[in-house]
There are 2 protein chains.
Amino acid sequence: METNGHCGGMTAEPGLRARKKAATRLALGHAAWSLMLERGLDAVTPESVAEAAGVSSRTFRNYFGSREEAIVDEWSRRHASLADAVRARPADEPVWDSLLAVLPRALTDIVGERADFAVLLRVISESPAMLAQNLLALDRTGQLLAEVIAERTGADADRDLAPRLLAGSVLAAVSTAATFWVTGGARTDLPDLLRECLDHLRAGLPTADLAPTA
Amino acid sequence: METNGHCGGMTAEPGLRARKKAATRLALGHAAWSLMLERGLDAVTPESVAEAAGVSSRTFRNYFGSREEAIVDEWSRRHASLADAVRARPADEPVWDSLLAVLPRALTDIVGERADFAVLLRVISESPAMLAQNLLALDRTGQLLAEVIAERTGADADRDLAPRLLAGSVLAAVSTAATFWVTGGARTDLPDLLRECLDHLRAGLPTADLAPTA
DNA sequence: CCGTTCGTTTCCATCCGTGCAACTTTTCCA
DNA sequence: TGGAAAAGTTGCACGGATGGAAACGAACGG
């Protein structure tokens with residue numbers, strides 16, 4: 001199955017075949033993403049995406065099961081980098097410090113232009129299929145985050161509550177911050193927004209703000 | 001459009017027509033759910049579900065766009081009761097107290113038999129479509145929770161960070177507790193499990209457990 | 001009691017997803 | 001370096017899913 005049998009190293013260079021495969025997948029995902037931004041979700045058809053990427057529409061279906069999946073693919077790839085960014089921090093650093101050091105900046109890189117992200121949110125709000133794909137991507141990110149958190153804390157991701165709980169909460173913070181960055185016009189600094197959310201999580205969720213007012 | 005025009009009250013009784021509609025929807029959802037539990041996901045086809053509910057397969061498609069949607073429908077309905085249960089608490093109670101008082105017991109009612117829930121988790125882990133539908137249901141629950149939290153705290157769900165952040169984190173706690181209730185064999189008391197997660201959230205996510213061990 | 005509205009059902013045209021087989025490119029081993 | 005094996009791409013064709021139109025029947029409103 002694996003094409004590079006001559007080298008047992010984990011990071012063996014991909015080989016021409018794998019590189020082409022990754023390139024076409026990247027081209028398809030990017031084409032789908034661009035098409036959605038420029039002409040809306042309805043313009044994203046297997047035919048148009050395949051033509052923009054220079055392959056046949058049949059090949060498109062070899063890579064993605066739906067247009068939504070193709071659109072979110074680029075997004076999903078960026079999400080995966082979050083966990084890697086945390087893993088790249090010094091191993092003896094407390095997890096919370098790593099998260100606070102990495103996530104605000106990483107999130108900024110992920111979401112890209114505010115206008116583009118606004119378009120994505122609008123499309124998602126109008127298409128259940130897009131929402132579902134986005135939630136799937138978020139869920140995968142949660143798994144990756146839980147794994148790296150478990151690595152760092154010496155916990156077992158399958159037997160301890162803490163890694164999944166923390167990962168899920170951090171994801172809620174990321175999602176909340178990103179949403180408000182676009183919809184809530186007042187605050188415009190995404191890293192600060194996320195830092196605020198994460199601080200609340202670490203210190204205990206805001207109890208002062210959550211007393212009944214009536 | 002609305003069948004009961006003679007009465008402007010919000011809680012006007014549904015009328016026979018609406019009740020029948022709700023009944024067939026309930027029957028379809030229940031049939032799909034039962035079929036999945038007894039014979040697995042593959043046995044859940046529009047034809048079999050419709051036959052079990054006593055309607056035509058075309059009617060099935062009038063209610064649900066896919067078999068996964070039908071299966072999760074029952075589940076989604078139970079989820080929605082979470083927000084209502086919180087709303088039923090005294091209005092002057094702090095939100096955290098309401099959540100801790102309601103959620104552990106409500107979650108127990110929702111998940112039902114442990115064996116059934118285990119089957120659901122297994123099916124979800126094997127079917128991306130089922131996972132997507134489950135995540136959609138969870139997302140809807142998050143919206144409802146954020147709304148009721150905003151009501152109780154006097155915050156604006158669209159302009160304040162806290163309600164969404166808290167709702168998302170609570171959802172992470174619910175999901176984590178339910179998952180470990182099934183997979184982690186040691187702890188068998190679901191309410192205690194959820195209480196532990198919620199306590200961690202309220203007090204600030206576990207920092208003692210999250211120091212690097214290496 | 002009658003006209004209207006709405007839900008269900010049957011039929012049907014259409015489209016999408018998928019498997020298959022042929023062709024091309026890359027890889028591997030002698 | 002040559003050639004066989006493996007993997008990817010493409011067009012075709014078929015089954016099933018998808019959604020609309022019209023007929024029928026039940027429920028609503030007066």
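Values reported hereafter were calculated over all heavy atoms of this structure, with side chains retained and with hydrogens, waters and symmetry mates removed. It should be emphasised that the depicted structure is a prediction, and the values quoted were computed from it without experimental measurement. Below, chains carry the letters A, B, ... as their sequence lines are ordered, and counting in each starts from 1.
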Item to complete: Using a cut-off of strictly less than 4.0 Å, decide whether A/Thr24 has a side-chain nitrogen or oxygen near OP1 or OP2 of D/dG8.
Response: no
Worksheet item: Does OP1 or OP2 of C/dG17 have a side-chain N or O of A/Arg61 closer than 4.0 Å?
Response: yes
Discussion item. Do the side chains of B/Asp109 and B/Arg105 get close enough for a salt bridge, i.e. N-O under 4.0 angstrom?
Written reply: no
Item to complete: Working to the nearest 0.5 Å, report the span between CG of A/Leu201 and CG of B/Leu165.
Response: 5.0 Å
Discussion item. So A/Tyr63, base contact, sugar-phosphate only, or nothing? Heavy-atom distance under 4.0 Å.
Written reply: sugar-phosphate
Item to complete: Classify the ring geometry between B/Phe60 and B/Phe64 as parallel (under 30°), tilted (30 to 60°) or perpendicular (over 60°).
Response: tilted
Worksheet entry | Any donor-acceptor N/O pair under 3.5 Å between D/dC28 base and B/Arg17 side chain | no
Discussion item. Whole angstroms only, please: what is the NZ-P distance between A/Lys21 and D/dA6?
Written reply: 17 Å
Worksheet, complete the sentence: A/Glu47 CD to C/dC15 P, in whole Å, measures 11 Å
Worksheet entry | Candidates D/dG8, D/dC28, C/dT25 - which lies nearest the side chain of A/Lys20 | C/dT25
Discussion item. Return whichever of B/Ser66 or B/Leu16 has its heavy-atom-nearest nucleotide of DNA chain D closer to the 5' end.
Written reply: B/Ser66
Worksheet item: Within this structure, what is the CG-to-P distance between B/Asn62 and C/dT10, rounded to whole angstrom?
Response: 12 Å
Worksheet item: Which is true for A/Phe64 with a 4.0 Å heavy-atom rule: it touches a base, it touches only sugar-phosphate, or it touches nothing?
Response: nothing
Worksheet item: Which class fits the ring pair A/Phe117 and A/Trp181: parallel under 30°, tilted 30 to 60°, perpendicular over 60°?
Response: tilted
Worksheet entry | Separation of C/dG7 P from B/Phe60 CZ (nearest whole Å) | 18 Å
Item to complete: Check if the side chain of B/Arg58 and the base of C/dG7 share a donor-acceptor pair of N or O atoms closer than 3.5 Å.
Response: no
Item to complete: Please work out if A/Ser57 contacts a base, only the sugar-phosphate, or nothing of the nucleic acid, heavy-atom cut-off 4.0 Å.
Response: nothing
Worksheet item: Hey, does the Lys NZ or Arg CZ of B/Arg78 hover above the aromatic six-ring of B/Trp33, less than 6.0 Å from the centre and inside 45° of the axis?
Response: yes
Item to complete: Specify the separation, in whole Å, of atom CD of B/Glu69 and atom P of D/dA17.
Response: 16 Å
